S.K.: 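I'd like to ask you about the structure that follows.
Each chain gets a letter, A, B and so on, in the order the sequences are listed, and its residues count up from 1. A quick note: this is a predicted structure, and the numbers were derived from the prediction, not measured. In what follows, every heavy atom counts, from backbone to side chain, and hydrogens, waters and symmetry copies are set aside.
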Amino acid sequence: SQQGEEDPQALSIQEGENATMNCSYKTSINNLQWYRQNSGRGLVHLILIRSNEREKHSGRLRVTLDTSKKSSSLLITASRAADTASYFCATDDRYSGGGADGLTFGKGTHLIIQP
Amino acid sequence: DAGVTQSPTHLIKTRGQQVTLRCSPKSGHDTVSWYQQALGQGPQFIFQYYEEEERQRGNFPDRFSGHQFPNYSSELNVNALLLGDSALYLCASTRARGSTEAFFGQGTRLTVV
């Protein structure tokens with residue numbers, strides 16, 4: 001079953017604008033991650049935010065986490081045509097002590113950057 | 001340093017057949033997870049292998065089975081294929097201890113006809 005739900009399902013903006021995607025989840029988590037997928041290929045890890053963190057930055061990416069609302073947002077600033085992709089949030093909601101368990105993904109946001 | 005590699009990249013099989021997909025994890029990683037991604041959906045967790053044993057399993061039938069070898073590579077087997085098994089199958093590797101960041105392969109596109 002899907003835990004995370006991204007919003008919007010699709011987003012089209014002009015190059016140079018900022019893009020914001022949201023993710024909601026249902027259970028308590030250890031961390032939340034964002035991934036990018038180009039044209040149905042493999043997923044690329046973008047950023048991980050732990051449950052005790054509220055905000056994290058990586059280059060043009062800014063992620064926030066609100067555990068009280070069970071939600072996260074991904075902001076891409078100064079978007080580029082190469083940012084066109086699907087973006088997924090994934091939660092790690094079970095930790096068995098030996099390492100990562102399976103991630104639970106949302107359905108993704110399809111982002112289109114128009115030149 | 002090679003990342004996660006999967007083979008084959010594309011595969012067409014007939015209903016009722018069996019298929020084996022292969023994955024080599026990133027160097028230094030010993031945990032392999034498999035995911036199924038239907039068109040327009042997010043990846044769904046199938047199972048995870050660590051120390052050659054299935055450690056966790058998602059909501060998939062027994063037709064889906066796997067194996068992990070001493071060199072940490074892994075296979076995903078699907079028996080009695082159904083049309084609904086058509087999907088992109090993704091392999092991800094992680095270090096069992098440390099970061100939970102998963103590195104994904106490019107996937108195997110399976111089409112069942």
S.K.: Select one option (side chain, backbone, both, neither) describing which atoms of Q9(A) are under 4.5 Å from chain B's heavy atoms.
M.R.: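 Nothing of Q9(A), per the 4.5 Å heavy-atom cut-off to chain B.
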S.K.: Which pair of heavy atoms, one from L88(B) and one from R41(A), lies closest together, and at what distance?
M.R.: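 Between these two residues, the closest heavy atoms are CD2-O, 4.0 Å.
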S.K.: Does CG belonging to L83(B) count more than 12 external heavy atoms closer than 6.0 Å?
M.R.: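 Yes, because the 6.0 Å sphere around CG of L83(B) holds more than 12 heavy atoms from other groups.
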S.K.: Need one label for Q6(B): side chain, backbone, both or neither, based on atoms under 4.5 Å from any heavy atom in chain A.
M.R.: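 When you check distances to chain A, no heavy atom of Q6(B) falls under 4.5 Å.
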S.K.: Do you know which two heavy atoms are closest between K107(A) and Q41(B), and how far apart they sit?
M.R.: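 Shortest heavy-atom contact: CE-OE1, 3.5 Å.
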S.K.: Rounded to the nearest 0.5 Å, how far apart are CG of L90(B) and OH of Y35(A)?
M.R.: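 Separation between the atoms: 11.0 Å.
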S.K.: Does atom CZ of R15(B) have more than 12 heavy-atom neighbours from other groups under 6.0 Å away?
M.R.: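 No, CZ of R15(B) has 12 or fewer neighbouring heavy atoms, counting only those of other groups under 6.0 Å.
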S.K.: Answer yes or no: does atom CZ of R57(B) have more than 12 heavy-atom neighbours from other residues, nucleotides or ligands under 6.0 Å?
M.R.: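 Yes, enclosed.
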S.K.: When you compare the side chain of P43(B) with that of F88(A), does any pair of heavy atoms fall below 4.5 Å?
M.R.: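 Side-chain contact under 4.5 Å: yes.
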S.K.: Can you tell me if F47(B) has over 12 outside heavy atoms packed within less than 6.0 Å of its CZ?
M.R.: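 Buried by this count: over 12 neighbours within 6.0 Å.
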S.K.: Find out if a path of hydrophobic residues (ILVMFWY) with successive side-chain heavy-atom gaps under 4.5 Å connects L103(A) to F45(B).
M.R.: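 In one cluster: yes.
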S.K.: Is it the case that over 12 heavy atoms from other parts of the model lie below 6.0 angstrom from the CD atom of Q14(A)?
M.R.: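 Enclosed.
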S.K.: Kindly compute the distance separating CG (N38(A)) from CD (Q106(B)), expressed to the nearest 0.5 Å.
M.R.: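 N38(A) CG to Q106(B) CD: 9.0 Å, rounded to 0.5 Å.
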